[in-house]
There are 2 protein chains.
Amino acid sequence: MLDHRGRLDRLFHALADSTRRDVVERLVRGPASVSELAGSHSMTLQAVMQHLKVLEACGLVRTEKVGRVRTCALRPEGLRLAEGWLSGQRTGWEDRLDRLGELLEPDS
Amino acid sequence: MLDHRGRLDRLFHALADSTRRDVVERLVRGPASVSELAGSHSMTLQAVMQHLKVLEACGLVRTEKVGRVRTCALRPEGLRLAEGWLSGQRTGWEDRLDRLGELLEPDS
DNA sequence: CCAATAGTCAAGTAATCGCTTGAGTATCCG
DNA sequence: CGGATACTCAAGCGATTACTTGACTATTGG
């Protein structure tokens with residue numbers, strides 16, 4: 001329950017960087033190796049690896065090394081957790097507006 | 001369209017702090033003054049104001065000063081934008097899995 | 001009027017971030 | 001074998017973050 005807090009912290013922090021979001025968008029289309037991911041971002045391989053570490057730490061990405069290639073894949077549960085918090089807030093807000101509306105116009 | 005990138009950066013960054021998420025959760029229940037928000041967070045008023053500035057800059061919160069009190073309210077559009085990106089990725093992922101499944105089991 | 005209240009401006013600080021360079025190590029191919 | 005490939009480890013660095021303290025302004029209630 002309190003881990004939830006830190007989990008969301010790490011999750012939203014991970015998503016707050018467009019390079020990392022690009023990685024996620026790429027991995028939605030299927031797994032990729034580290035150098036494959038680095039290819040499209042004019043940035044050193046090491047930098048991409050650091051981003052990958054962040055994505056892995058928050059549970060958004062799973063990686064596995066086979067031979068000399070590390071293959072990265074998406075883990076959608078993280079996305080769902082963040083989505084859940086967001087939609088919870090939004091619907092909470094909408095419910096409140098509905099109740100306010102009913103107070104002003106008590107028909108329907 | 002390119003502003004979208006920076007907008008999501010700021011949005012997710014704003015949500016990556018649990019104090020700021022607390023503020024959002026509070027504002028879902030209705031508007032509040034700055035000191036009201038500061039009350040529950042053992043932290044100076046100034047710190048809370050800085051968080052508020054972040055929330056305002058990314059469009060999640062709207063504030064208005066009347067007399068000597070500044071009243072803060074939620075703006076749900078930001079939530080919707082972030083939610084949209086997240087669900088886009090998730091459904092992209094699910095569609096891909098569906099297509100994979102059809103390849104393996106070509107019935108239905 | 002005047003003190004308490006509510007917020008504001010500015011500067012300083014320790015920690016973290018995103019990225020780099022440089023120097024490995026392990027695997028694979030010819 | 002030997003060179004190319006694919007990472008990995010570590011240190012450093014400028015920028016940004018999340019606060020703090022301290023001083024100041026504008027309202028408001030008695």
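Computation of the quantities below employed the complete heavy-atom set of this structure, encompassing side-chain atoms and omitting hydrogens, waters and symmetry-equivalent molecules. Letters go in sequence order (proteins before strands), and every chain restarts at 1. Because the structure is predicted, anything quoted here is derived from the model rather than measured.
Between the CD atom of Glu64(A) and the P atom of dT8(D) there is a distance of 12 Å, given to the nearest Å. Between Arg70(B) atom CZ and dC9(C) atom C1' the separation is 13 Å, expressed in whole Å. Rounded to whole angstrom, the span from the NE2 atom of His41(B) across to the P atom of dC19(D) amounts to 10 Å. When the P atom of dC19(D) is taken as reference, atom CG of Leu45(B) falls 14 Å away, rounded to whole Å. Distance Leu52(B) CG to dC19(D) P: 13 Å, rounded to the nearest Å. Here dT16(C) presents its P atom at 13 Å from CG of Asp9(A), a figure rounded to the nearest Å. In this structure, CG of Leu55(A) is placed 13 Å from P of dC17(C), rounded to the nearest angstrom.
Using a 4.0 Å cut-off between a side-chain N of Lys or Arg and a carboxylate O of Asp or Glu, Arg21(B) and Glu25(B) do not qualify as a salt bridge.
With hydrophobic clusters built from ILVMFWY side chains whose heavy atoms lie under 4.5 angstrom apart, Leu55(B) shares a cluster with Leu81(B).
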Contact pattern, 5' to 3', of nucleotides 20-30 of chain C - B, S or - by protein heavy atom under 4.0 Å: BBBB---BS--

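Remark: Lys65(B) is in phosphate contact with dT8(C), judged by side-chain N or O atoms under 4.0 Å from OP1 or OP2. Of the side-chain N and O atoms in His51(A), none sit less than 4.0 angstrom from OP1 or OP2 of dC17(C).
The shortest non-hydrogen separation linking Trp93(B) to Leu27(A) is CZ3-O, 3.9 Å. Taking all atoms of both residues into account, the shortest heavy-atom contact from Gly78(A) to Leu11(A) is O-CD2, 3.3 Å.
Looking only at side-chain heavy atoms (C-beta outward), His51(B) and Met43(B) come within less than 4.5 Å of each other. Side-chain atoms of Met49(A) and Thr44(A), non-hydrogen and from C-beta on, never get closer than 4.5 Å to each other.
Taking CZ from Arg5(A) and CG from Asp17(B), the interatomic distance works out to 9.0 Å, rounded to the nearest 0.5 Å. Here Leu74(A) contributes atom CG and Arg26(A) contributes atom CZ; the two are 11.0 Å apart, rounded to the nearest 0.5 Å.
Relative orientation of the Phe12(B) and Trp85(B) rings is perpendicular, given thresholds of 30° and 60° on the angle between their planes.
Taken residue by residue, residues 10-38 of chain B places heavy atoms nearer than 4.0 Å to DNA chain C at Ser33(B), Val34(B), Ser35(B).
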